[in-house]
Amino acid sequence: MTRAEAHAAILAKFPDAIVRDGREGKEAGDPYLVVKAERLHDVVKWMKEDPGMRFEVLQCLSGVDYGKDLASVYHLDSWTNKVTVCLRVELPREKPEVASITDLYGAADWHEREAYDLLGITYTGHPKLVRILCAEDWVGYPLRKDYVFPKEYHGIKNDL
Amino acid sequence: MSPELQSPPLAQPRAPGDVRTEEMLLNIGPQHPSTHGVFRVVVQTDGEIVLDSEPHIGYLHRCFEKIAESVDYLKVTPYTDRLDYLASMCNNLGYCLTVEKLMGLQIPRRATRLRMIVAELNRVASHLLAFGTYGMDSGAITPFLHAFRDREAILKLFEIICGQRLNYNYVRIGGLAEDAPPRWLDQVAAFVDFFEPKIDEYDALLSYNGIFIKRAANIGVLPAATAISWGCTGPVLRGSGVRRDIRKDEPYLEYDKVEFDVPIGRGEVGTLGDCWDRYMVRVREMREACKIVRQVLKDVPEGPVMAPEAKKVLRPPKGEVYYRIENPRGELGFYVVSDGKDKAVRIKCRSPAFCNLSVLREIAHGCMLADMIMIIGSIDFVMGEVDR
Amino acid sequence: MTGPAGSLPLSTGRGSREATAIVYQELLNPHHAQTYTGRAYWGLFPFAALFVPVLTAGLFVAWEAVVHLTGLTRTTGEFWSVARPLLLGLGWVHVILIFITIFSMYAVWMERKVSAHMQCRTGPMEVGRIQGSIFLWKRFNFRLWPKSWSPHGWLQTLADGLKLMAKEDLIPKDADRWIFILAPIVAFTGVFISFLVIPFHGVLSSFIPADLDTGVFFFAAVTSIEAIGVIMAGWASNNKWALFGAMRAATQVVSYELPIGLAFLTAVVAAGSLRVSDIVAAQGPDYGMLAWFVFRSPFLLLAFVIYFISSLAECKRAPFDLPEAESELISGFHTEYSSMRFSIFFLAEYAAMYVVAAFAAVLFLGGWWTGIAPVDHFLADAAKSDGLLPRLAAVGIGVFAVVGKSMILVFFQMAARWTYPRARLDQVMYLCLKVFLPFGLLTLVGGTAWELWLEGGWPKALLG
Amino acid sequence: MPPTAPPVNPANQNQDLLTKDTILLTTVEDFVNWCRRSSVWPLTFGLACCAIEMMAVGATKFDIDRFGSGPFRGTPRQADLMIVAGTVTHKMAPRVKRLYDQMAEPKYVIAMGACTIGGGPYWKYGYHVVKGVDLVIPVDVHVVGCPPRPEALLEGVFKIQDLMKREKLLDRLRTYHKRETYKGAGNAAMPAPGTPGR
């Protein structure tokens, strides 16, 4: 299976869930699919469980701040079909919320916590969505473009 | 009490009439001789038996991703060194290949071959440290020092080509920082000749030691399905019997032109996917790495090591790319989002140890405290990469 | 293209066999680092252990000379009947303390050297460097030692010990203060008491501090007192790691009493006495080495093996060092101990190493008998003689034999420590309860049958 | 950067007979200082990349055991020297401080590597990185490099030994309280004693 075939299969199955086929011939790098936030879980679940797709691995889950809005990007892998598909969910900056896929992939657990920690994306249904990398009482989401570096943290100066 | 040290409630509520003794919450780390860095795991123990465990990471969160989008593309390479500081060459390689893919750069062949050599040598160095520290976790200190003795020889080779013992910053976008000196390839050949018999010595010293097998076999069994679901890669996954290696499945550089095996766990002394299998995959991979180096050495063409298109300031075209290579610890992926400027919008590092470590809780149920140390050791993570 | 700073000045051609050899040599011999030692001569280190028997023999010869020349043992009268045991007792206390100090100093040093040489290092080399030499003959520039000479870090342990004494003494706020203070004392006392029945030399009976009728039983009883000290330490520290260490010590040390007791009994049956001097007396002076219990019957050989391995567990040495497992429990029961209190634990550990090794030497390896028949006969004769010189010679030889044999066993304890991984608690207990216990029973029953069958041992039956 | 072992302590100038530098006291001092500098036991305290070089110092080729510093102690109670090897983050800083507090006097600190000295490459954008461990604990010797070579760390240990050589026996007692309440130490996140994890 090639990536284009996988994209076609997803588009055929979820015509309403896919906002657009990324890249659109203009950008370099990998193509991707932009998925509606509320349908993401269904798409991923189908991709994992459908015998023709069999995307058994969540390779990478990254939160991205594009400056205007946030995104949660999923790289799903099918080792049987030897194909990787990239799904992107675009989320409004004010209320970035998307369903968690921890029930499908164990790997999503820490990845989603990391995206929450660094970008403040809320994954509903995550069993324990707390900060993972930064200290627990850290203020702000460091990877957002408008993040202000802290002047000091617990009495330790940060801007020398 | 600080909220930080208050462990999350792990215990099952005790049923009435339960006569079990009191359970204890035990903090292993963040400063502990065998946590391989600053890793903390809160274990709930019933005597020596571990009932549950909760890994806590982030004690070495060095803000790689923020820095990566704050400096331009070329300046990110030194920071990738410090992700997995035991395999800096491979990290450089992963990042550079990703950006090169985004830019469509063609790399001179000499650079490609040299990249393969340094990556494989670094794999050996990294596995040597894993071997040594695993011996130390099991209580045998001598293998650790023997491994370090031989690792020094590799560090010397790296020092010759780039002047550093760790954090090489040798692989750059577009090629290599510098060409290898004239007789360096002979030195590499000499090292491989010297090193291959040493692996037998390690096997005699540790791998097939009776006590060591008793300690490592049947412990921390990781079934293949769990490993796949939790995104484990590298020796952790291969120890469970899954033959997955990016070098074979999606060959990069010229790995499709060399012959090598992908060792997998076979459950020789215990169950498939136990600590011994994971450990042994690493020892066998050292042999395979030597084999690859030998083959690559046969054909290293003369020529430049830097692509002429690689400029001082790189501006990759708008777009995003995800690319991965086989690090000593598993699949190292970089997800780079570019908007056509000299700084990336986002560089996400999908580090293998991050995913491998998250499976710890799954496989540490019901083991003993001493086994917990063995399981932590067998995952062989580097906190620099987990916390980034 | 310029080579970076680290590149090596190589002058050999490409690809030749010579080139590879030189390259490798250079790889491992940068000028700024220590030269590559290999592991060629770590086998020499049992000879380093000879320091201890030599020093101890000197100590005891001096002690014998003092006692003999002052006539302390022969003085009679009402006053001396009270004063003699007191004086002798005080003397013994000091002798044992001095011995433990000397032994620990050299054993720690030896352990570091043995481990270093097994690991291709050199170990302590610089401490105790002697600056300036003594000219023996100035004209020919002949010195006693080089201008700057460090005899392999010979003062390393002295510096360690005194440094620990000079460090701050910490007692954690939440610790159980008095138990915390008492614990090292109890641990050390346990080991110290067990020295009472260790013969340094027994042909002259005064060289067993207390030659009890029930010596073996006494030894078995008091060696486990150390475990109580360890448990106290672990409990009082109010530290979870320490508690784990203490519980492991309790489990392990108490269980290994059983196989040790059975091994003891096998030797006791062969000698027909619980008194240590009788047991050694039964192993000589005739037939040389063949009279040693370890060669007396296969069961006694097995008992020796069981005892030696169990004694590793008894004194918490690797591969049974669970109570202080460095990689698991940080430092185990002495995690919270610093300065002098820690060094007392250290001292107790090394003293225990000696004690168990010495008891193995006494029960199975012929004690003070050298294993060379003429020398043994000389020892036996000297006991009866009243002359100062034969007595001093006998003391020197006997002490050298006992302590030398013990030190060889101590060397094996160290070699085992630096070779094997650590066993797990359940495996340690499995070995004790399911392997050593049945085999220990076998040695007892078999050894007894052997004694009934060949009364007086096989050398006597075969060689007459 | 805190001053490290001043050559002359002004507090020593007006002292009674006992605390003056008498012959006896200086001899004892010399001897104790010799013991201390001959057995500097480091704490096993690796944080990041530098920890690997710290291990290399203990391993075969460089072998710090030659100088008596071989026994790396796992517990701070028995260690004399804390080699802060690697990046200290804000999450880790309270632990570093606490481990330092748990060490027994006399104690010394080597800041190994660029991150530990001043944040190193993470100085500008590293929001989570402490810009130098001397914001948390007093540092005696800084060893530069990223990571420093093992020889450099050895040199750092020699520098510590030089400090020990100049140490006044009674000075240390006086400076004790000063070092305890080190200025600039972040202690808000410090867990109270008796919490789990001790």
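The chains referred to below are lettered A, B, ... by the order of the sequence lines, with proteins before strands, and numbering in each begins at 1.
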**Fill in**
Most contact-rich option vs chain A, by heavy-atom pairs under 4.5 angstrom, among Glu69(B), Arg324(B), Arg244(B), is Arg244(B)
**Fill in**
Applying a strict 4.5 Å limit to non-hydrogen atoms, the region of Lys66(B) in contact with chain A is both
**Message:** With a 6.0 Å cut-off on the ring centroids, do Phe39(B) and Phe381(B) count as close?
**Reply:** yes
**Prompt:** Where does Val73(A) contact chain B at under 4.5 Å (heavy atoms): side chain, backbone, both or neither?
**Reply:** side chain
**Prompt:** So which of Lys145(A), Arg131(A), Lys48(A), Glu56(A) has the biggest tally of heavy-atom pairs under 4.5 Å with chain B?
**Reply:** Lys145(A)
**Message:** Heavy-atom pairs under 4.5 Å with chain A - which of Cys232(B), Gly231(B), Cys355(B), Ser229(B) has more of them than the others?
**Reply:** Ser229(B)
**Request:** Could you have a look at Ile228(B), Leu102(B), Thr98(B) and say which one has the most heavy-atom pairs with chain A under 4.5 angstrom?
**Result:** Ile228(B)
**Fill in**
When rounded to the nearest 0.5 Å, the distance separating CD1 of Ile107(B) from CG of Leu105(B) is 5.5 Å
**Asked** Do His111(A) and Phe354(B) have ring centres separated by under 6.0 Å?
**Response** yes
**Atom pair CD1/CG of Ile264(B) and Leu237(B) - distance to nearest 0.5 Å** = 10.0 Å
**Part of Leu357(B) within contact of chain A (heavy atom distance under 4.5 Å)** = both
**Message:** Quick check on Asp77(A) against chain B: is it the side chain, the backbone, both or neither that has a heavy atom closer than 4.5 Å?
**Reply:** side chain
**Side chain / backbone / both / neither for Val345(B) at chain A, heavy atoms under 4.5 Å** = both
**Request:** Supply the atom-to-atom distance Lys343(B) NZ to Leu314(B) CG, rounded to the nearest 0.5 angstrom.
**Result:** 14.0 Å
**Request:** For this output row, return yes or no: ring centroids of Tyr95(B) and Phe334(B) closer than 6.0 angstrom.
**Result:** yes
**Request:** Quick one: pull up CG in Leu360(B) and CD1 in Ile376(B) and give me the separation to the nearest 0.5 Å.
**Result:** 5.5 Å
**Complete:** Answer key: most heavy-atom pairs under 4.5 Å with chain B among Tyr147(A), Tyr105(A), Trp79(A) is Trp79(A)
**Item:** Contact origin within Tyr335(B) toward chain A - heavy atom pairs under 4.5 Å
**Value:** side chain
**Complete:** Applying a strict 4.5 Å limit to non-hydrogen atoms, the region of Gln59(A) in contact with chain B is both
**Asked** If only atom types and distance count, is the side chain of Arg62(B) paired as donor or acceptor with the main-chain N or O of Arg82(B) below 3.5 Å?
**Response** yes
**Complete:** So CD1 of Ile57(B) and CZ of Arg113(A): to nearest 0.5 Å the spacing works out to 7.5 Å
**Prompt:** Where on Leu118(A) is there a heavy atom nearer than 4.5 Å to chain B: the side chain, the backbone, both, or neither?
**Reply:** side chain
